[in-house]
Peer 1: 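Next up is a structure, given as structure tokens.
This is a predicted model, so every value here is computed, not measured. Numbers restart at 1 for each chain; the letters A, B, ... are given by sequence-line order, proteins then strands.
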Number of protein chains: 2
Amino acid sequence: MRASDRAYAALRDDITEWRLLPGTVLGEVEQSQRLGVSRTPLREALGRLTAEGLTTTAGGRGVVVTAVSLEDIDELFELRETLERRAAALAAERGDSAVFLQLQKELLEAPALIDGTDTGRHAYYELAGRLDAAIDAAASNSYLAQAIRGLRVHLVRVRRLAADDARRLTAAAAEHAAIAEAIAGRNPRLAEAATTLHLHRSLSHVKNTHTPHDKEHHG
Amino acid sequence: MRASDRAYAALRDDITEWRLLPGTVLGEVEQSQRLGVSRTPLREALGRLTAEGLTTTAGGRGVVVTAVSLEDIDELFELRETLERRAAALAAERGDSAVFLQLQKELLEAPALIDGTDTGRHAYYELAGRLDAAIDAAASNSYLAQAIRGLRVHLVRVRRLAADDARRLTAAAAEHAAIAEAIAGRNPRLAEAATTLHLHRSLSHVKNTHTPHDKEHHG
DNA sequence: CCTCCAACTTTTGTATACAAAACTCTTGTT
DNA sequence: AACAAGAGTTTTGTATACAAAAGTTGGAGG
């Protein structure tokens, strides 16, 4: 694995896991020493993060970790709804029913996996990720898929703000199952509606459990 | 201006203007010498282009200019419709009517500008760009705006394939005026419909005037 | 004649040294 | 005391040298 890839992955994880808080300035020498790479691959990593919007160049003062305000979350979900509704509708038109029937089946059985432990939560995230990937593949629009990928990195950061307890995860599984069912049934409008419902509930959950988190400058 | 910015702008223009054809391999030493910069800023430029999708890394064989197939154009416009419909609807909800009334007025007078010369075409593109910018600003969703910006670089490349004659430009001005009117009238559904109509006509024009362009490997 | 392996060549990836620009702190003046 | 100008310091931007990896070509063996 390339040094720039390792630096990128490490920084991205540090940011999405809120170990590097918004406002933190990422000095090139400091971070390159911390991650054990030279400045060249580190700069490449910072460039990627900035292109994704996880960091921003503060005009000569180095790159800083971007904040995620309440307003950002609203905007994020506004775009997410636009993109994922379309992806779900396209998947319903173009997808293979068998794939989504199988996913629906697994999602209906998901509550058995969700036991409140980290293992259970991780197992569910993996399953939800498989549904996302299946929808992207079925929509078969590489530009749409890329736009959604660009959003996801922000969404995992937001997800870390919310307390994903067993109750919310169980409800989310049912919502996901409804999406899979609509796609398997080749019903684009229903797939859009199910997606809207899921995202609305997801956003409500985030905003309800979102304790006014510190987003001020670090250090 | 930084050397990496110059290299990026030069390469991006060379690609969108079809001076660097799809399949062309962009060797680092070759391009850095051609553009008069060292490899370091050139690599940064290539990284940006690859993130945007104008180039792709062909596994160890360097980065190559991506192709734009007929299928790509369909996918591009599919995403474009999704994003711009939403942006127009949000602009109709949130925008300032006066701004769009003024734009509508200018767009209705645009046929006078369009005389078939490059100057006339450029003047119209500038006006259409102002409408796009006004919609982005009125939608006031930075993530949506970023997604649309990511598309535009591909769209200018596609536009270069189409013969934008005076007749098409005049028709496009009327379509744009309809969008501006709908937003000024604070009618989101009408703004979406006008956007759909414009994009449909725009896509049809591209596909009709699109002589099967060479997209094979260069040299 | 085809295939596989190895040395060679080319190209990318990384480290470091140097240049330039931006920020900061001091100092002098109003 | 407040502000501006300038030297110093820190940080980013660029160039180049070196290392590593991938591709290619030539030759030997089947």
Side-chain angles (χ1 to χ4, degrees), chain A residues 1-15 19-67 146 153 216-219, chain B residues 1-15 19-67 153 215-219:
Chain A
M1 197 185 210
R2 297 187 303 177
S4 60
D5 291 334
R6 280 186 291 122
Y8 165 76
L11 286 170
R12 186 202 54 201
D13 289 350
D14 283 342
I15 293 171
R19 288 188 293 264
L20 287 174
L21 297 180
T24 307
V25 305
L26 302 177
E28 294 182 2
V29 294
E30 176 193 356
Q31 294 300 319
S32 66
Q33 286 169 2
R34 181 173 79 89
L35 300 174
V37 300
S38 81
R39 277 182 61 213
T40 305
L42 185 103
R43 275 174 71 89
E44 189 177 319
L46 290 179
R48 277 205 258 173
L49 292 169
T50 299
E52 290 178 336
L54 250 35
T55 57
T56 185
T57 64
R61 235 224 206 79
V63 334
V64 303
V65 179
T66 55
Q146 189 184 352
V153 67
E216 296 310 307
H217 284 244
H218 174 263
Chain B
M1 197 185 212
R2 296 187 303 176
S4 60
D5 290 335
R6 281 187 290 123
Y8 165 77
L11 286 169
R12 186 203 54 200
D13 289 350
D14 284 342
I15 293 171
R19 288 188 293 265
L20 287 173
L21 296 179
T24 307
V25 305
L26 303 176
E28 294 182 2
V29 294
E30 178 193 355
Q31 295 300 319
S32 65
Q33 285 169 3
R34 181 173 78 89
L35 299 175
V37 301
S38 81
R39 278 183 59 214
T40 305
L42 185 103
R43 276 176 70 90
E44 188 177 320
L46 290 179
R48 277 205 258 173
L49 292 169
T50 299
E52 290 177 338
L54 250 35
T55 58
T56 184
T57 64
R61 236 223 207 80
V63 335
V64 303
V65 179
T66 55
V153 67
K215 284 171 219 66
E216 296 311 306
H217 285 242
H218 174 264

Peer 1: C:dG13 P sits how many Å from B:L46 CG, rounded?
Peer 2: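 Interatomic distance, CG of B:L46 to P of C:dG13: 10 Å.
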Peer 1: To the nearest Å, give me how far apart CZ (B:R2) and C1' (D:dT12) are.
Peer 2: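 Answer to the nearest Å: 9 Å.
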Peer 1: For A:A3, give me all partners under side chain to side chain contact (heavy atoms under 4.5 Å, CB included), at least two apart in sequence or on another chain.
Peer 2: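 Side chain to side chain contact (heavy atoms under 4.5 Å, CB included) list for A:A3, sorted by chain: A:R6, A:V37, A:P41.
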Peer 1: Partners of A:T40 by side-chain hydrogen bond (donor to acceptor under 3.5 Å, both in side chains), sequence neighbours excluded?
Peer 2: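 Counting only residues at least two positions away or on another chain, A:T40 forms no side-chain hydrogen bond (donor to acceptor under 3.5 Å, both in side chains).
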Peer 1: What residues form a side chain to side chain contact (heavy atoms under 4.5 Å, CB included) with A:V64, not counting sequence neighbours?
Peer 2: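 Per chain and number, A:V64 pairs via side chain to side chain contact (heavy atoms under 4.5 Å, CB included) with A:V25, A:T56, A:A58.
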Peer 1: Who are the side chain to side chain contact (heavy atoms under 4.5 Å, CB included) partners of A:E44, not counting sequence neighbours?
Peer 2: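 Side chain to side chain contact (heavy atoms under 4.5 Å, CB included) list for A:E44, sorted by chain: A:R2, A:S4, B:R43.
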Peer 1: Keeping to residues at least two apart or across chains, list the salt bridge (Lys or Arg N to Asp or Glu O under 4.0 Å) pairs with something in residues 45-59 of chain A.
Peer 2: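 Listed once each, the pairs are A:D5-A:R48.
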Peer 1: So if I take residues 28-45 of chain B and measure heavy-atom distances to DNA chain C, which residues fall below 4.0 Å?
Peer 2: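 Result for residues 28-45 of chain B: B:E28, B:R39, B:R43, sorted by number.
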